[in-house]
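Here is the structure we will look at, set down as structure tokens.
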Amino acid sequence: MFVLVNLKAYPCDPVEVATAAHEVSESSDADVAIAPQAAAIETVAETGVETWAQHVSPNEHGSHTGSTLAEATAEAGATGTLLNHSENRLKLADIDGSLDAAERVDFDTVVCANNAEQVAAAAALGPDAVAVEPPELIGTGTPVSQADPDIVRDAVDAAAAVDESVDVYCGAGISTGEDVVAAEELGADGVLLASGVAKADDPQAALEDLVDPL
Ligand SMILES: O=C[C@H](O)COP(=O)(O)O
């Protein structure tokens, strides 16, 4: 299972979380990656953990003030990017443009979506993976696998109907190893989570718990 931990804009120590994630990734069957704030990509990548951007712009080098370029995040050490997170929704054309930008630097890509219909549309754009996350469950601690498992099943079917090579992750409310196993049993290839680790008193223990049953 792929475990992508999005640190969002939480006031955690990204290097502490990344160091723990690297150790847990090395000593378990899970692949754990961290998506920190763009300004922390370099220090997070230096820990050796797989490092992702939370977003990249469709823009290339040029007069684009405020843009987070795929090239800049790649130079800092990122190897993948989230796109269209529920907290940073994009227009369809911008998702497509950002996927092109990610392709320029050979990034892995995950396009987020609220439901099976959006998963199908996102899968049609050719990312490596889509992540289904019901926005109302984000940050609640109630996993989608428990609240409405059909959301995950339907997302898996919707992505496969469009492109079987696109992986499906699920997210929102995931904080325990039991939640990760439930996601796997519903057909997900990975999980996307944030608060269960970024807001934990002991991020290393939270990460160990997440991968323990795998
Ligand atoms: O990017 C992560 C998701 O929005 C899930 O967040 P959460 O684990 O805090 O529910």
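Every number for a ligand or one of its atoms is a count from 1 in the order of the listing. What you see is a predicted model; the values in this text were computed from it and never measured.
Residue contacts with ligand 1, taken as heavy atom pairs separated by less than 4.0 Å, involve Ile138 via backbone and side-chain atoms alike.
Below 3.5 Å of separation, one finds no N or O of Thr140 facing any N or O of ligand 1. Checking only distances, Ile174 never comes within under 3.5 Å of ligand 1, N or O to N or O. Geometrically, ligand 1 and Tyr10 share no nitrogen or oxygen pair separated by less than 3.5 Å. When only interatomic distances are considered, the shortest N/O to N/O separation between His85 and ligand 1 falls below 3.5 Å.
Between Tyr169 and Asp189, some side-chain heavy-atom pair lies under the 4.5 Å cut-off. A 4.5 Å side-chain heavy-atom check between Leu207 and Val5 finds at least one atom pair inside the cut-off.
Close contacts of ligand 1 with Ala172, meaning ligand atoms under 4.0 Å from a residue heavy atom, involve 5 (C), 10 (O). With ligand atoms numbered from 1 in the order given, ligand 1 contributes 7 (P), 8 (O), 9 (O) to contacts under 4.0 Å with heavy atoms of Ser195. The atoms of ligand 1 that sit less than 4.0 Å from any heavy atom of Lys8 are 1 (O), 2 (C), 3 (C), 4 (O), 6 (O). For ligand 1, the atoms closer than 4.0 angstrom to any heavy atom of Gly139 are 7 (P), 9 (O), 10 (O). Every atom of ligand 1 with a heavy atom of Leu193 under 4.0 Å away is listed here by number and element: 2 (C), 8 (O). Contact atoms of ligand 1 toward Glu133: 1 (O), 2 (C), 3 (C), 4 (O), 5 (C) (distance under 4.0 Å to a heavy atom of the residue). Interface of Leu192 with ligand 1, defined as ligand atoms under 4.0 Å from a residue heavy atom, comprises 1 (O), 2 (C).
Applying the side-chain hydrogen bond (donor to acceptor under 3.5 Å, both in side chains) test to every pair with at least one member in residues 204-214, sequence neighbours left out, gives these pairs: Glu23-Gln204, Gln204-Glu208. Each side-chain hydrogen bond (donor to acceptor under 3.5 Å, both in side chains) pair with one or both residues in residues 42-51, not counting sequence neighbours, appears once here: Glu50-Trp52.
Atom CG of Leu92 sits about 5.5 Å away from atom CG of Leu125, to the nearest 0.5 Å.
The nearest heavy-atom contact from the protein to atom 8 (O) of ligand 1 is Ala194 N, 2.8 Å.
Hydrophobic clustering, with ILVMFWY side chains joined whenever heavy atoms are under 4.5 angstrom apart, groups Ile34 together with Val3.
Closest of all the heavy-atom pairs between Leu90 and Asn84 is N-OD1, 2.8 Å.
Look at Gly171 and you'll find every heavy atom at least 4.0 Å from all atoms of ligand 1.
Distance alone, capped at 3.5 Å, places no donor-acceptor pair between the Glu133 side chain and the Cys170 backbone. In this structure, Glu184 contributes its side chain and Gly190 its backbone to no donor-acceptor pair below 3.5 Å.
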